[in-house]
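Note sheet for the following structure.
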Amino acid sequence: PYTTLFRSERCEAPPFVKKPRELHILHVGAWYVSGNETVKIIEELNSLQWGLQVRGLDLILHAVGDDLFSEEQKNNALRIQYLYHGVIPHPVLLPYFLAADCYLLSTSVGKSVDGARGFLAGKLWEYLRGGKPIIVFGSKDEAWQIIEDSGVGVYLGELNSEDHICADALLRLVEQSRNLNPKVSQHSWESRAHAMQEVFQQVLE
């Protein structure tokens with residue numbers, strides 16, 4: 001259960017080296033954004049990199065699961081350091097969550113489902129249990145509201161939006177010593193099990 005895993009005090013070797021004055025972002029799992037949306041994300045991440053550089057920091061993006069960018073984008077468009085770790089078995093993902101400074105979430109379904117505006121990704125609950133800032137790309141829908149209510153959201157924007165990520169806002173969240181927001185508990189596996197049990201009881205009655 002992630003309630004136990006994310007509060008664990010056991011020491012595990014970090015999966016990547018973290019040098020001073022670096023900020024590490026982690027993306028886990030599938031990547032459903034369209035080509036135009038990927039271009040927008042690259043532009044915003046490059047802008048964030050510039051904002052961090054003037055503050056003496058370097059930005060590193062890690063991906064586990066899907067490789068987020070094409071070779072051409074990696075070579076010619078990205079202005080940040082990008083490390084792809086391949087597909088990692090889920091039971092050994094914990095050190096990646098713990099080592100990162102913040103997480104990247106896209107709620108876009110740009111290349112998967114016609115007519116859908118967004119979705120609640122399973123990784124959202126794991127990101128929330130990590131208690132670190134979540135950088136969100138996509139519409140400000142239910143997923144964004146959950147993240148914002150938990151006090152860990154930084155908005156990256158969406159296609160054709162005028163929103164831009166704020167380096168200072170991200171750094172403020174990263175630098176704070178955070179405890180899990182109490183609202184996160186309503187999205188745990190225990191709360192969902194209780195909700196399902198209530199449904200079964202109503203049906204049986």
Side-chain angles (χ1 to χ4, degrees), residues 15-16 22-54 57-88 90 93 96-97 99-128 130 132-148 152-167 169-171 173-174:
F16 45 82
E22 290 181 342
L23 190 143
H24 292 256
I25 302 175
L26 174 68
H27 181 275
V28 169
W31 181 251
Y32 295 115
V33 300
S34 67
N36 289 338
E37 289 172 324
T38 303
V39 171
K40 169 71 172 176
I41 290 172
I42 289 174
E43 291 173 351
E44 293 301 324
L45 290 175
N46 286 344
S47 177
L48 177 61
Q49 164 72 348
W50 181 86
L52 293 172
Q53 274 189 332
V54 299
L57 297 168
D58 286 320
L59 179 65
I60 297 93
L61 172 62
H62 302 265
V64 173
D66 282 0
D67 193 355
L68 309 184
F69 308 110
S70 69
E71 291 304 314
E72 192 279 331
Q73 289 169 332
K74 294 174 191 175
N75 295 330
N76 300 314
L78 275 175
R79 299 291 180 264
I80 66 172
Q81 186 176 349
Y82 172 68
L83 298 175
Y84 176 55
H85 298 273
V87 177
I88 305 295
H90 198 271
L93 272 176
Y96 290 84
F97 285 105
D101 297 302
C102 49
Y103 312 125
L104 175 62
L105 175 72
S106 168
T107 59
S108 167
V109 289
K111 65 177 185 180
S112 62
V113 182
D114 291 338
R117 294 180 301 151
F119 66 102
L120 291 175
K123 78 191 80 171
L124 169 59
W125 320 119
E126 297 175 329
Y127 284 1
L128 287 170
K132 296 178 180 180
I134 302 173
I135 300 171
V136 180
F137 177 83
S139 59
K140 291 186 176 180
D141 55 11
E142 184 179 356
W144 168 252
Q145 193 61 57
I146 291 170
I147 293 168
E148 190 175 42
V152 294
V154 183
Y155 194 56
L156 185 68
E158 63 179 322
L159 190 64
N160 301 321
S161 80
E162 297 300 319
D163 294 293
H164 301 286
I165 189 168
C166 175
L170 176 59
L171 288 175
L173 286 180
V174 170

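- Between A63 and Y82, the closest heavy-atom pair is CB-OH, 3.5 Å.
- Contact between N46 and A77 at its shortest, heavy atoms only, is ND2-O, 2.9 Å.
- With rounding to the nearest 0.5 angstrom, the CG atom of L52 is 11.5 Å from the CD atom of E22.
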>> Is there a side chain to side chain contact (heavy atoms under 4.5 Å, CB included) between W50 and R79? Walk through the geometry before answering.
In response: CA-CA 9 Å; W50 181 86; R79 299 291 180 264; over 6 Å; no
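- Closest heavy-atom contact between G130 and Y103: CA-OH, 3.6 Å.
- Although no hydrogens or angles enter the test, the distance criterion places no donor-acceptor pair under 3.5 Å between the side chain of Y32 and the main chain of S106.
- In plain terms, the two heavy atoms of V28 and F97 that are nearest each other are CG2-CZ, 4.1 Å.
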>> Run the side chain to side chain contact (heavy atoms under 4.5 Å, CB included) test on I134 and W144 for me, step by step, so that the C-alpha distance in whole Å, both residues' side-chain angles and the decisive distance to 0.1 Å come before the verdict.
In response: CA-CA 10 Å; I134 302 173; W144 168 252; over 6 Å; no
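- Contact detail for Y96 and V64: the closest heavy-atom pair is CD2-CG2, 3.9 Å.
- At distances below 3.5 Å, not a single donor-acceptor pair connects side-chain atoms of Y127 with backbone N or O atoms of C102.
- How far CG of L57 is from CG of L23: 6.5 Å, rounded to the nearest 0.5 Å.
- Within the model, atoms CD of Q49 and CD1 of I42 stand 13.5 Å from one another, a figure rounded to the nearest 0.5 Å.
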>> Evaluate H164 against E44 for side chain to side chain contact (heavy atoms under 4.5 Å, CB included), listing each step before the verdict.
In response: CA-CA 7 Å; H164 301 286; E44 293 301 324; 3.0 Å; yes
> After noting the C-alpha distance and the side-chain angles of L59 and Q81, does the key distance pass the side chain to side chain contact (heavy atoms under 4.5 Å, CB included) rule?
Replying inline: CA-CA 7 Å; L59 179 65; Q81 186 176 349; over 6 Å; no
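- The OG atom of S34 sits 6.0 Å away from atom CG of L159, with the distance rounded to the nearest 0.5 Å.
- Taking the six-membered ring for Trp and the full ring otherwise, F16 and H62 have centroids separated by under 6.0 Å.
- In this structure a side-chain-to-backbone donor-acceptor pair under 3.5 Å is missing from K123 to L104.
- Distance CD1/I25 to CD1/I135: 3.5 Å, rounded to 0.5 Å.
- A donor-acceptor pair under 3.5 Å links the side-chain atoms of D101 to the main chain of H24, judged by distance alone.
- When all heavy atoms of T107 and G138 are compared, the pair lying nearest together is OG1-CA, 3.6 Å.
- Distance NZ/K74 to CG/L68: 8.5 Å, rounded to 0.5 Å.
- In this structure, W31 and H27 have perpendicular ring planes: the angle between them is above 60°, well past the 30° mark.
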